[in-house]
Structures are given as structure tokens and as C-alpha cells.
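The structure appears below as C-alpha cells.
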Amino acid sequence: LADLSAELSRVNQRLGGALVLERSGANVSAVATERSIRGDVNFVTAVSIVSVFVCLQLFLGSWRNLLLTGLPMLGGLVGATGLGLLVFGRLDGLTLGFGAALIGVVIDYPTHLLCHLCFSPHRADRALVMRRISPSLALGGLTTIASFAGLGMTSFPGFREIAFFSSAGVGIA
């Protein structure tokens with residue numbers, strides 16, 4: 001549609017601006033719907049990330065803790081993007097949007113750790129806290145990866161791409 005509009009503008013300039021292009025059909029609606037969905041996904045992703053970080057900042061009370069909470073998620077997103085590009089050659093925008101939302105679950109793991117380090121009666125002994133919660137964190141990560149891998153057992157290529165991206169991201173995080 002963009003190419004058609006550009007070509008019409010070029011021809012219309014030569015003819016003095018008398019031409020008018022009228023559009024109808026499913027393709028016009030499909031393009032408008034895709035543009036709207038992509039905008040909504042980007043908006044919801046941005047608002048969600050900002051909201052989570054504001055809540056964590058208020059709860060954890062420290063920029064250092066906030067940054068530590070976000071590092072695994074960021075590493076998972078970067079790693080999943082790199083692996084996804086290696087495996088698929090390119091990543092769809094919806095994979096990035098939905099995959100990022102799914103990988104966002106990993107923010108729970110450092111939050112869980114920081115809550116124990118900040119509020120546990122054993123908080124002074126960091127090694128003990130890590131030994132006590134490591135099995136829970138590992139089990140949480142593995143069950144999350146398994147659930148995303150289950151999403152990949154479909155005949156839809158887009159779901160398989162999202163499943164791979166999300167599983168890889170959680171594993172890396």
C-alpha cells in the first residue's frame with residue numbers, strides 16, 4: 001500500500017494533481033489492524049515494564065536492588081534475541097513483544113532473592129539464604145521453561161518462535 005501511494009504521488013505530480021486514489025478491501029483493513037496491534041503491544045509492554053520497575057523501586061527502596069532485579073531479564077532478552085536470530089534468521093515483532101512479556105516472569109526470581117536478603121531473619125548469612133532458596137529458584141525457572149517449551153509443540157511457526165525465544169530467555173536469565 002505504501003508503494004502504491006508513492007507511485008500515485010509520482011504520477012499525480014506529472015499530471016498536475018488531478019488523480020485521487022480510493023482504497024477498499026481486506027488488505028487495507030489488515031494493514032490498519034496490524035499497525036494498531038503493533039502499537040498496542042509496544043504501548044502495553046512499555047507501560048508494564050515501567051510499572052513493574054516503579055513498584056519494585058518503591059518496595060525495594062534502592063536503585064542498586066532495582067538494577068540487580070532487572071539484569072537477569074535484560075540478559076534474557078538480549079540472549080534470546082541473539083539466539084532467535086541465529087536459529088530463525090529474523091524475529092517477528094510479535095515474537096519480541098510477547099516473548100519479552102513472557103520473559104518478564106524472570107523478574108520474580110531476583111525479587112524473591114532480594115526479599116529474602118532484605119527481610120529474612122537469616123539475611124546476615126547470604127550463603128545460607130542462597131542455599132535455602134536456590135532449589136526453589138531453579139525449580140521455578142525449569143517449570144517456566146517447560147511450560148514455554150510446551151507452547152512450541154504446535155504446528156504454528158509463530159508459536160514455535162515465541163516458545164523458543166521465551167524458553168531461551170528464561171534459561172539465560
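Just so you know, these numbers use all the heavy atoms, side chains as well, and skip hydrogens, waters and symmetry mates.
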Minimum side-chain heavy-atom gap Met130-Leu117 below 4.5 Å: no

Test item: Thr154 side-chain N/O and Leu151 main-chain N/O as donor-acceptor pair under 3.5 Å: no

Sub-4.5 Å side-chain heavy-atom contact between Asp125 and Val129: no

Separation of Leu15 CG from Arg10 CZ (nearest 0.5 Å): 10.0 Å

Single-linkage hydrophobic cluster Leu68~Ile107, side-chain heavy atoms < 4.5 angstrom: no

Gap between atom CZ of Arg64 and atom CG of Leu114 - 0.5 Å precision: 8.0 Å

Side chain to side chain contact (heavy atoms under 4.5 Å, CB included) partners of Glu34, counting only residues at least two apart: Arg38

N/O donor-acceptor pair under 3.5 Å between Thr143 side chain and Gly140 backbone: yes

Leu139 with Val106, same ILVMFWY side-chain cluster at under 4.5 Å: no

Show me the donor-acceptor pairs within less than 3.5 Å that the side chains of residues 71-99 make with the rest of the protein, sequence neighbours left out.
residue : atom : partner : partner atom : Å
Thr81   : OG1  : Leu77   : O            : 2.7
Asp92   : OD2  : Leu94   : N            : 2.8
Thr95   : OG1  : Glu161  : OE2          : 2.7

Co-membership, hydrophobic cluster, residues Phe119 and Ile133, 4.5 Å side-chain: yes

Verdict with supporting geometry, Ile37 and Thr33, side-chain contact (heavy atoms from CB on, under 4.5 Å): CA-CA 6 Å; Ile37 289 171; Thr33 301; 3.8 Å; yes

Connected via hydrophobic side-chain network under 4.5 Å: Ile172 and Leu113: yes

Sub-4.5 Å side-chain heavy-atom contact between Glu7 and Asp3: no

Distance, nearest 0.5 Å, that separates CG of Leu137 from CZ of Arg132: 13.0 Å

